[in-house]
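Step one of this worksheet: look at the structure below.
As the structure lists them, so they are numbered: ligands from 1, and atoms in each ligand from 1. These numbers come from a predicted model, not from an experiment. When reading the values below, keep in mind they use all heavy atoms of this one structure, side chains included, and skip hydrogens, waters and symmetry mates.
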Amino acid sequence: MSSPAPHAALPPTPSAYWLTFFRTNADTPDRIPWADRPTLSPAEGAAVIASVLEFQLGESSEGRHLRDAADRYALATGDAAYASAIRLFIREEQRHAAYLARLLAAEGVPLKGRTWADSVFRKLRHLSGLETAICVLLTAETIAQVYCAALRRATGSRVLRAICRRVLADEAVHVRFQAERVAILRRGRAAPALLVSIALQRLLFAAALVVVWLNHRSVLRRGKFNALGFWRAGWNSFEPAAEWMDPRRYVWEGDVGAAA
Ligand SMILES: [Fe+2]
Ligand SMILES: [Fe+2]
């Protein structure tokens, strides 16, 4: 693993910034041309609908476990802005789910109640506290960036392409928001324990890439990925997040004087 870049020695972004960002982003127009009909061609529909149904399900969580974990964290640390930011983050995910649900409704496709992959993902998120929940979410969000880019290439639908564009923009911010919090939670962790956390995260990511390829390859192939290309794009998406997750890349308040 490469060591953290010395030029990036800044503190993590404060929660107050994220709170302001999510408030502003919620008011940013989505510019999705909903009046366009029909949305998907029959060939596109056959290739993408089953996959989009599962993606929609993944985006539609109520986020109760995450919200409770963030509340406990805020209480313990006094970082109340983080608990508020998490609520707005959950609302953004629900907005993504609503976009996809609206598209599927326009196609006359009923939403899915549950799939095995979604159930496993939810169980993993609920295994433990805030750090585990965020790490599992980060896995999904870094892969979602690759998936959405492929989905956008896979369709000529202006509606679906606009949805992908907005989701991609939001997810890029989510990844940084979540990854920096992981670094905050891992601050001061001893090197061996930190290495175990990083190895587990990479293992989970590799497994998730395989599952996503198997479950969504019709979209991914249509979006110009073969298995190897998807694997590489996945890790390219993961690496910046891995660096933001690393507490050793930041300067921490109180450390400056101590280091001098
Ligand atoms: Fe999302
Ligand atoms: Fe997200």
> Can you name the residues that form a ring-ring contact (aromatic ring centres under 6.0 Å, His included) with Tyr99, not counting sequence neighbours?
Replying inline: none
>> I'd like to know if the side chain of Arg152 reaches the main chain of Ala149, judged simply by a donor and an acceptor atom lying under 3.5 Å from each other, with no hydrogens or angles considered.
In response: no
>> Short of 2.8 Å from the Fe ion (ligand 1), name each protein N/O/S atom, waters not counted.
In response: Glu59 OE1, Glu59 OE2, Glu93 OE1, His96 ND1, Glu171 OE2
> Does the separation of the ring centres of Trp235 and Phe205 fall below 6.0 angstrom?
Replying inline: yes
> Using links of under 4.5 Å between side-chain heavy atoms of ILVMFWY residues, direct or through other members, which residues join Leu75 in one cluster?
Replying inline: none
>> Counting C-beta onward and ignoring hydrogens, is there a side-chain heavy-atom pair between Arg186 and Ser197 closer than 4.5 Å?
In response: yes
Taking only distance into account, with no hydrogens and no angle test, what donor-acceptor pairs under 3.5 Å do side-chain atoms of residues 224-232 form with protein atoms, sequence neighbours excluded?
unit_1	atom_1	unit_2	atom_2	d
Asn226	OD1	Leu228	N	3.3
Asn226	OD1	Gly229	N	2.7

